[in-house]
Trainee: 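Right, I'll just put the structure down here and ask away after.
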There are 2 protein chains.
Amino acid sequence: MKPYLIQMLKELALLGAIKNRIEVSSMELSEKLLTSQQTASRYLLELDTNGTIEREMGIKKQLIHITKDGLDVLQNEFLEYKQIFALPQRIYFIGTIVSGKKEGSYYTAIEGYQSQFKKKLGFNPYPGTLNVQIDTMEKNKLRFLRKVEGIEIEPFEDNKKIFGGVKCFHACINAINTILVLPLRGHYSNILEFISESYLRDSLRLEDGNKVHILVTIEDQLSCEVNNEKQ
Amino acid sequence: MKPYLIQMLKELALLGAIKNRIEVSSMELSEKLLTSQQTASRYLLELDTNGTIEREMGIKKQLIHITKDGLDVLQNEFLEYKQIFALPQRIYFIGTIVSGKKEGSYYTAIEGYQSQFKKKLGFNPYPGTLNVQIDTMEKNKLRFLRKVEGIEIEPFEDNKKIFGGVKCFHACINAINTILVLPLRGHYSNILEFISESYLRDSLRLEDGNKVHILVTIEDQLSCEVNNEKQ
DNA sequence: ATTACTAAGTTACGAGTAA
DNA sequence: TTTACTCGTAACTTAGTAA
């Protein structure tokens, strides 16, 4: 999305258009953006067309509400600024143990993955993955993890089949060390997959439906202290 | 500043140009911004001209560092997103008690202020202000307070002299309720002024040089829960 | 009051290219 | 390789208005 449209969207959000339908005129917005009424009007048309806002035209002014898509755009911007200024070194999830479709065993057995795991993680993972279901609302944390530095496992081809790249992070599940494995491509899933040197279900004494606390550790990155309000 | 320049500045910050001089070519940046090498080069020239970055040209690539001015631009953007998504309901300061220039007694005695204080705060302040010196690095918190909703005291004219508007916030100093009074116009000062119904120096048993903990409470605003990583 | 169209003016973009 | 200039064209802006 074009930077000037993001700016307009941000301005609408500051006026409360995420939570409420706000009543605002193109003239008022033009003053905030230091541009003309016509340009503000055109921006609103563009945002409407690309689905980031919904409008109801009044006889005076208009009612504007930011859509889910619009919210995503803004959250992504926010995420980038958080990366610049206040990178959290740890990300927490709470999840529920679920059964995989035995795909984990298949993938962890592939030579192309195994050799990279051994080289980059320092161990051969126990066959299979531990699957933990998280809240779909946690998508932003996953988006964040995709952006920050992790242990990259390269994509490769084996027997004409292409295996996608994944990114690994050191993580703790209920205080036991594991590796979180995230696919680099494709849609965000609400299932997190973990690998370990040992059979995690045993070492953690877990069965389906158990709640677990997950702590993902992020590699050192730039971070500038700023506005460190407590609580 | 133009939105596309802010975008470029953000990209440079993400590459680490706040902390370090980063080595980057206009071609690499053009790929990140999905634009041409020429445009990226022009953006860099513009950022250099307006003083938000400093450059050293290498024979290959260039060394780029974001200046104080550039950092201010980015911090301001960040502040706006924080306002949108994760407004802190409280802001903390640590400060040192200092003596004012007796101006506080003068201002609190002006009828135009007194009547508004009585009406909007519900009490007549004790003459004078308690002055607390804070770190100049806390400027961002003040900038933030200027933006959010507070108790507005209108500017007025009295005897041909114009008295500027101020904004009040409920605050606690060492757990005693007070009111923080911030001028709406003018430069940011590193002295915070507090008023109260009683003589604060007595009720707090304070003298110059004492360190105090200040907690400023912000009125309810929109806030969307997102990425609430703990710690 | 509004929104938003048209048309003309202005700015920005990027291919080509020099240094 | 780089950076960044020229210049034709594409995109954006806004005055003037209609609805």
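These numbers were taken from a predicted model, which means no experiment stands behind them. Proteins get letters first, then strands, A, B, ... in listed order; numbering begins at 1 in each. Any value given below was found using the heavy atoms of this structure, including those in side chains, with hydrogens, waters and symmetry copies removed.
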Trainee: Pull out every residue in residues 35-42 of chain B that has a heavy atom closer than 4.0 Å to any atom of DNA chain C, ordered by number, or say none.
Mentor: B:Thr35, B:Ser36, B:Gln38, B:Thr39, B:Arg42
Trainee: End-to-end bend of the helix from C:dT2-D:dA19 to C:dA19-D:dT2 (five-pair axes, 10° rounding)?
Mentor: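 Here the helix ends are tilted 40° relative to one another.
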Trainee: Looking at residues at least two apart in the chain, or sitting in another chain, which of them share a ring-ring contact (aromatic ring centres under 6.0 Å, His included) with A:Tyr106?
Mentor: none
Trainee: Is there a side-chain contact between B:Thr35 and B:Arg42 (heavy atoms, below 4.5 Å)?
Mentor: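 No, too far: nothing below the 4.5 Å cut-off.
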Trainee: I need the CG-P distance between A:Leu47 and C:dT3, as an integer number of Å.
Mentor: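 Distance, rounded to whole Å: 14 Å.
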Trainee: Give me each pair satisfying salt bridge (Lys or Arg N to Asp or Glu O under 4.0 Å) with a member in residues 47-65 of chain A, each pair once, sequence neighbours excluded.
Mentor: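 Only A:Arg21-A:Glu56, A:Glu28-A:Lys61, A:Asp48-A:Arg55 qualify under salt bridge (Lys or Arg N to Asp or Glu O under 4.0 Å).
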Trainee: Taking only the side-chain nitrogens and oxygens of A:Lys61, find out if one of them lies under 4.0 Å from OP1 or OP2 of C:dT3.
Mentor: no
Trainee: In whole angstrom, what separates A:Leu29's CG from C:dA4's P?
Mentor: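 Taking atom P of C:dA4 as the reference, CG of A:Leu29 is at 12 Å.
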Trainee: Without decimals, in angstroms, what is the distance between A:Tyr4 OH and C:dT11 C1'?
Mentor: 13 Å
Trainee: Separation of B:Leu45 atom CG from C:dA12 atom P, in whole Å?
Mentor: 13 Å
Trainee: Heavy atom of residues 50-59 of chain B under 4.0 Å from DNA chain C: which residues?
Mentor: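 Contacts with DNA chain C under 4.0 Å: none.
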Trainee: A:Leu33 versus A:Thr39: any side-chain heavy-atom pair under 4.5 Å?
Mentor: no
Trainee: Taking C-beta and beyond as the side chain, do B:Tyr4 and B:Met8 meet within less than 4.5 Å on heavy atoms?
Mentor: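 Heavy-atom side-chain distance check fails, nothing below 4.5 Å.
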Trainee: Would you mind reading off the distance between A:Lys60 atom NZ and C:dT2 atom C1', rounded to a whole angstrom?
Mentor: 8 Å
Trainee: Quick one: how far along DNA chain D does chain A reach, first to last nucleotide 5' to 3', anything under 4.0 Å to a heavy atom?
Mentor: D:dC12 to D:dG16
Trainee: Return the value, rounded to whole Å, for the distance between atom CE of A:Met27 and atom P of C:dT3.
Mentor: 10 Å
Trainee: Apply ring-ring contact (aromatic ring centres under 6.0 Å, His included) to B:Tyr107 and list each qualifying residue two or more places apart in sequence or on a separate chain.
Mentor: none
Trainee: Rounded to the nearest Å, what distance is computed from the CG atom of residue B:Leu34 to the P atom of nucleotide C:dC13?
Mentor: 13 Å
Trainee: Just jot down the ring-ring contact (aromatic ring centres under 6.0 Å, His included) partners of A:Phe93, sequence neighbours excluded, or say none.
Mentor: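 By the ring-ring contact (aromatic ring centres under 6.0 Å, His included) rule, A:Phe93 matches no residue at all.
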Trainee: Can you classify the ring geometry of B:Phe156 versus B:Tyr113 as parallel (below 30°), tilted (30 to 60°) or perpendicular (above 60°)?
Mentor: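 Aromatic pair B:Phe156/B:Tyr113 classed perpendicular.
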Trainee: Please identify each residue that fulfils salt bridge (Lys or Arg N to Asp or Glu O under 4.0 Å) with A:Glu152, with sequence neighbours left out.
Mentor: none
Trainee: Can you name the residues that form a salt bridge (Lys or Arg N to Asp or Glu O under 4.0 Å) with B:Lys10, not counting sequence neighbours?
Mentor: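 Here the qualifying residues are A:Glu77, A:Glu80.
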Trainee: Take atom NZ of B:Lys161 as the centre, draw a 6.0 Å sphere, and report whether it contains more than 12 heavy atoms from other residues, nucleotides or ligands.
Mentor: yes
Trainee: What pairs of residues pass the side-chain hydrogen bond (donor to acceptor under 3.5 Å, both in side chains) test when at least one of them lies in residues 180-195 of chain A, not counting sequence neighbours?
Mentor: A:Thr129-A:Glu193
Trainee: Among all residues two or more places apart in sequence or in another chain, which pass the ring-ring contact (aromatic ring centres under 6.0 Å, His included) test with A:Phe194?
Mentor: none
